[in-house]
Amino acid sequence: MKSDIHYLRLRTVMAGLACLLLSACEFNDYIDFDGTKQKKIYLLQLHAGVKQLRVDTQLLTVENTTALEGFTVHFDLVTRQIDRRQQAEQNQSQLFPQWRQLTVLKEDLTRRHKFFIAVYQDCVGLTAKLNRLTASIDELATALVAARANQKLIYQVTRMLFIAERMKYSLAVIKRGQGEESAAILDRLGRDTVILAKQIDQARWVISKAKLQESQLDALLDHANKLRSMNNLIHVAIGGTLERSAEYFSYLGTIDKTQKLLAEVDNQLQKQLQALEPSARAQQ
Amino acid sequence: MQGRIDKDIRVMAVFISSLLLSACDLQTLTESGRQAITKTHLYRLSASVNQLRVDAQLVLEKDNISMAEVSTQVLAVGVLLDEFEQASTEKPFVQGYKKQWQTIAAHVRELNPREQKYQAFLRQRAMTSKNLAVLTDSLDKFATATVSGKISPELIYMATGALFLNERMQHSLTLLLLRTGDGALSLDRFERDARSLKLNLDEMHAFIIKDTHKKSPTKYLLGQIEMLRLEYKQILPTVAELLELAPEYQDFVERIEKLQELLAQMDEQLNEKIRSYHAGEKIDK
């Protein structure tokens, strides 16, 4: 009788054991038997980091002083994640060969970002100066028409408006940072300043020889001299912008390269993640 | 027999104790497993939201990404959120996030039908720009012709002014596309310049007619200005259509910018959550 009770207890214990084993099977979802789950988490973390960097790189061409800070912080975090994984896997080969290249590009971007900001601010300042110059040229043209001055002179002065407008447009395109297109436009901007200076000089010379009343002549010459000094200031400022332009365009080029490499790493990560999916592993 | 049974029970007791100890280990594993699942979802979400941020920018830059792809991505995030809600211990966070995501999904749904008009505007813009470039050549020839011969200074001023207006219209169109500064300002200026150019051409026409009986060069200019007016008249329907589509274009751009803003906020929320998960692990996102 007593032994029956013991066997009954034993059977109860066995049933409990079976229940526990069943629960353990459910726990299987949580337990990382072969380290795949951990690897997947690492890849997902890296993937999220790389996507974040792609957004940050897009923001780097916008006038935003905090964009570089965000990019640097995220880049360093992703780099640390890669290093940690490299150590964990004790793998001699590079996990992401592009990362070394990206690190060099990141250093370039950090160094040249100040040129981007400087050129952007140059463009804003120059546009304001050109707005004043355009208004002044228009005043001179109106005065020349009123004084019934020489036709060629009026034509020349009015053409100046056209050039000043083109310069403003060039600045807007450069400010937006459109790569090669901007480089060609910056060249044209430099040429336009020289053309404008020559045209102002010519206009001054023609005005000084014009058969006009003395008071009219003085007023027109004063106006032309004012234009000359305004253009000189613009010329000097554009000179500074041109000096910075090499670094500025390198910066834009570096952003392009960074975007391409990040897209490559992104694709690589996507493939690695797909390979870790249960269906892909079953096929292997 | 009794002794053997007692021995069996003792062995079983030891076995059950070790089983209980293992269950405790299992509990720890389960907890870290749950955290791992939450992290997995958070990283997936973060990657998807950032991909959407990249895509939204590319839609504006018409880089082979359409709103249809963005919509699919938004739906995919919705599915991810459902999975996350079922598997996570972070239910209040996921439910709050899902609610906010519905706003984004609604925003994207409203954007979808507007994309066609946006594309139509871009096509119309390209056509207008091409037409204006042709007009530049004609205006330039006319302005040069006004300098030769004894023509009134007013006409030279007007002709060069027309050239200037035409150039500025082209620039406004480019700036609109580059979205530098205020897009509305560029459009507004474009509209005013288009009207001024028409008035300018009419004025020059009237001026030349007035002068024709006096001077012979103006007869040539009369033919030229009539051709110019005709050329501009042909451009006008394209310009009108462009201006008609302009509000839709601006609306689309503003909505995309709003979407980017919302996505940035959603991304920040995820980042905060991820950071809180890593706070105790000395691992940063």
Side-chain angles (χ1 to χ4, degrees), chain A residues 2-3 6-7 9-10 13-14 16-17 20 23-24 27 29-32 37-38 40-41 43-55 58 74 77 80-81 84 141-142 144-145 147-155 157-159 161-162 165-166 168-169 172-173 175-176 178 266 269, chain B residues 1-2 5-6 8-9 12 15-16 19 22-23 26 29-34 36-37 39-40 42-51 53-54 57 143-144 146-147 150-154 156-157 159-161 163-164 167-168 170-171 174-175 178-181 264 267 270-271 274 283-285:
Chain A
K2 202 175 178 185
S3 65
H6 282 308
Y7 275 116
R9 279 181 187 159
L10 196 59
V13 168
M14 293 304 279
L17 191 60
L20 264 167
S23 307
F27 289 143
D29 280 348
Y30 301 116
I31 302 167
D32 192 8
K37 287 192 176 80
Q38 187 55 41
K40 196 170 170 182
I41 290 176
L43 287 177
L44 284 168
Q45 186 180 20
L46 210 53
H47 198 213
V50 169
K51 293 266 191 212
Q52 177 80 61
L53 278 173
R54 289 186 73 182
V55 175
Q58 271 183 345
H74 292 138
L77 288 174
R80 279 207 293 275
Q81 284 161 12
R84 238 191 330 261
T142 314
L144 285 171
V145 174
R148 302 201 68 77
N150 178 293
Q151 290 161 305
K152 280 189 182 160
L153 179 63
I154 294 171
Y155 180 67
V157 172
T158 325
R159 288 289 293 203
L161 275 181
F162 178 83
E165 177 60 28
R166 194 163 67 180
K168 276 198 279 179
Y169 166 73
V173 177
K175 199 168 79 174
R176 186 68 174 83
Q178 296 285 304
D266 188 351
L269 278 165
Chain B
M1 181 68 181
Q2 183 60 45
I5 289 169
D6 283 347
D8 279 353
I9 287 175
M12 202 50 73
F15 182 67
I16 288 168
L19 207 69
S22 304
L26 218 55
L29 273 173
T30 309
E31 196 47 45
S32 74
R34 278 205 187 102
I37 285 176
K39 272 191 219 166
T40 304
L42 284 171
Y43 292 141
R44 271 200 181 138
L45 273 174
S46 175
S48 300
V49 170
N50 277 316
Q51 183 62 53
R53 290 177 74 188
V54 173
Q57 183 63 27
T144 314
T146 57
V147 186
K150 289 191 172 181
I151 312 290
S152 299
E154 281 94 335
I156 301 168
Y157 181 67
T160 328
L163 198 60
F164 169 80
E167 182 76 8
R168 199 161 69 176
Q170 291 224 54
H171 292 172
T174 312
L175 296 181
L178 293 177
R179 298 183 309 281
T180 54
D267 185 39
L270 284 176
N271 283 346
I274 290 170
I283 297 172
D284 312 295
K285 190 231 163 192

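Proteins get letters first, then strands, A, B, ... in listed order; numbering begins at 1 in each.
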Shortest non-hydrogen contact from [X] to [Y]?
| X | Y | answer |
| --- | --- | --- |
| A/A172 | B/L175 | CB-CD2, 3.1 Å |
| A/R166 | B/H171 | CA-CE1, 3.6 Å |
| B/T144 | A/Y155 | OG1-OH, 4.0 Å |
| B/F164 | A/L161 | CE1-O, 3.4 Å |
| B/G161 | A/T158 | N-CG2, 4.0 Å |
| A/A48 | B/S46 | CB-OG, 3.7 Å |

For B/A264, is it the side chain, the backbone, both, or neither that has a heavy atom closer than 4.5 Å to a heavy atom of chain A?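 For B/A264, there is no contact with chain A at all, as no heavy atom is under 4.5 Å.
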Checking heavy atoms, do the side chain of B/S48, its backbone, both or neither come under 4.5 Å from chain A?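 No part of it gets close to chain A.
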Find out whether [X] and [Y] are in side-chain contact, i.e. whether some heavy atom of one side chain is under 4.5 Å from a heavy atom of the other.
| X | Y | result |
| --- | --- | --- |
| B/L163 | A/R159 | yes |
| A/D266 | B/Q51 | yes |
| B/I274 | A/Q45 | no |
| B/Y43 | A/H47 | no |
| B/R53 | A/R54 | no |

Measure the spacing between CG of B/N271 and NE2 of A/H74 and express it to the nearest 0.5 Å. 5.5 Å
Can you tell me which portion of A/Q58 sits under 4.5 Å from chain B's heavy atoms? Options are side chain, backbone, both or neither.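 Answer is side chain: those atoms of A/Q58 sit under 4.5 Å from chain B.
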Tell me, with the steps shown, if A/T142 and B/Y157 meet side-chain contact (heavy atoms from CB on, under 4.5 Å). CA-CA 8 Å; A/T142 314; B/Y157 181 67; 3.7 Å; yes
Choice from A/L43, A/V50, A/I41, A/V55 maximising heavy atom contacts with chain B below 4.5 Å: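 Highest number of pairs under 4.5 Å: A/V55.
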